[in-house]
Amino acid sequence: MNFTSSVSDLESLLNKFKESQEFGNALKVSNILDIVYSGEQDSSNILTPQREAFYCLHLALYILQDDLEGARCLWKRVQVSFKGDGSSELGGLWSVVNMLHMGDGAGALAQVIESGKSTWTSLGGDIIDVMISRIRERQWISILSSFDAITLPYAAAFLHLSAADCKEEFLARGCTYDSEQELFHVCNASVNNCAVDDGALLRTLTQTVAQLERQPLSININKEIESVQAQIVAEQEETSAMEI
């Protein structure tokens, strides 16, 4: 088996899914690469820029898929010497996961908006934009599922939006606005407009990863690539059939 070639194939597949924004499939490949990379770690404990970029992407994919438990499990597996602090790209992404897990969506959103594009260079602006959108949608669901009414200033801060943009979005979602009190009244239809696309939340690699973790590090990566590709094709065909 050409191990180097196999890893290269996985990395190419990951980049392909990243560029096409097929984040569920990208996460599947990342889970396998994580196992492979763990077997390659040497005693130097040096975090190369390439490996840091991979861990950053892996954490970001868990955030995009709204899989916070998966992100927390990944963080536990990352070597302590690799984690850095909140000022590093990897540490900054972890702080986003931690804030989301603690229910501080506003803080997580602020962290991504304020630090994302300026300091998290390995992810790329497109992924940062999608992350902002996904976290903000979590915030919308929280607001519209939990409040009968909410003030404009509070909502704007919660969503990290300007007052004008916040007002426009609330009205687009079917809410009514009391200009005298600067208060939005939430209706049930608003919640339905915040539905999350379940088809984008692909988490079907759990059993495969668990099996791989129990196998020797000399696993046949080529076969795993073929397995992932076949699984992806099957899911795409099933999705197409459901849309017809």
Is a side-chain N or O of S30 found less than 3.5 angstrom from the main chain of A26, in a donor-acceptor match?
yes

Contacts of A163 meeting side chain to side chain contact (heavy atoms under 4.5 Å, CB included) (sequence neighbours excluded), chain-then-number -> L152

For D129, enumerate each residue passing the salt bridge (charged side-chain N to carboxylate O under 4.0 Å, His left out) test, keeping only those at least two apart in sequence or located in another chain.
K117

Please check if atom CD in Q21 has more than 12 non-hydrogen atoms from other residues, nucleotides or ligands closer than 6.0 Å.
yes

ILVMFWY network linking L61 to M99, side-chain heavy atoms under 4.5 angstrom
no

Who passes side-chain hydrogen bond (donor to acceptor under 3.5 Å, both in side chains) against E182, sequence neighbours left out?
none

Separation between CG (L14) and NZ (K28), nearest 0.5 Å, reads 13.5 Å

Looking only at heavy atoms, the pair that brings H185 and A149 closest together is ND1-CB, 4.0 Å

Might you work through the side-chain contact (heavy atoms from CB on, under 4.5 Å) test for I127 and F23, ending with a clear yes or no?
CA-CA 9 Å; I127 287 184; F23 298 126; 4.0 Å; yes

As an exercise, state the distance from CD1 of I113 to NE2 of H160, rounded to the nearest 0.5 Å.
4.5 Å

With sequence neighbours left out, the residues meeting salt bridge (charged side-chain N to carboxylate O under 4.0 Å, His left out) with E169 are R173

Main chain of E11, side chain of N15: is a donor-acceptor contact present, judged purely on distance under 3.5 Å?
yes

Salt bridge check: are D66 and R134 linked by an N-O gap of less than 4.0 Å?
no

Under 30°, 30 to 60°, or over 60°: which ring-plane class applies to Y62 and H58, parallel, tilted or perpendicular?
parallel

For S146, all residues meeting side-chain hydrogen bond (donor to acceptor under 3.5 Å, both in side chains), sequence neighbours excluded
none

What is the minimum heavy-atom distance between L59 and W94, and which atoms define it?
CD1-N, 4.1 Å

Which value, rounded to the nearest 0.5 Å, describes the distance between L33 atom CG and R51 atom CZ?
9.0 Å

Is the distance between the ring centroids of W140 and F170 under 6.0 Å?
yes

Check step by step if side-chain contact (heavy atoms from CB on, under 4.5 Å) holds for E69 and D67.
CA-CA 6 Å; E69 288 306 314; D67 186 355; 4.2 Å; yes

Separation of L57 CG from L90 CG (nearest 0.5 Å)
11.5 Å

Please check if any side-chain donor atom of S95 sits under 3.5 Å from a side-chain acceptor atom of Q111, or the reverse.
yes

Interatomic distance, L27 atom CG to I63 atom CD1 [nearest 0.5 angstrom]:
11.5 Å

Tell me, please, which residues at least two apart from E180 pass salt bridge (charged side-chain N to carboxylate O under 4.0 Å, His left out).
none

Residues passing the side-chain hydrogen bond (donor to acceptor under 3.5 Å, both in side chains) test with S12, sequence neighbours excluded, are none

Side chain to side chain contact (heavy atoms under 4.5 Å, CB included) with S122: which residues, sequence neighbours excluded?
A53, C56, E89

Who are the side-chain hydrogen bond (donor to acceptor under 3.5 Å, both in side chains) partners of S162, not counting sequence neighbours?
D165

Qualifying residues under salt bridge (charged side-chain N to carboxylate O under 4.0 Å, His left out), relative to R136, sequence neighbours excluded:
none

Distance from T151 atom OG1 to L183 atom CG, nearest 0.5 Å?
7.0 Å

Looking at side-chain heavy atoms only, is the closest gap between D34 and F54 below 4.5 Å?
yes

Only counting residues at least two apart or in another chain, list the ones meeting ring-ring contact (aromatic ring centres under 6.0 Å, His included) with F158.
Y154

State yes or no: do L109 and M102 share one hydrophobic cluster built from I, L, V, M, F, W and Y residues joined by side-chain heavy-atom distances below 4.5 Å, directly or via other members?
no

Between C73 and R77, does a side-chain contact (heavy atoms from CB on, under 4.5 Å) hold up when you go through it step by step?
CA-CA 7 Å; C73 289; R77 296 196 301 274; 3.9 Å; yes

Under the rule for side chain to side chain contact (heavy atoms under 4.5 Å, CB included), what residues qualify as partners of S20, not counting sequence neighbours?
F17, E22

Single hit among L161, L144, L159 for side chain to side chain contact (heavy atoms under 4.5 Å, CB included) with Q139:
L159

Within the structure provided, determine whether K18 and D126 are in side-chain contact (heavy-atom separation under 4.5 Å).
no

Hey, does D148 have a side-chain heavy atom less than 4.5 Å from the side chain of V186?
no

Same apolar cluster (I L V M F W Y, side chains within < 4.5 Å links), L123/V96:
yes

Over 60° means perpendicular and under 30° means parallel, so tell me whether F184 and Y177 are parallel, tilted or perpendicular.
tilted

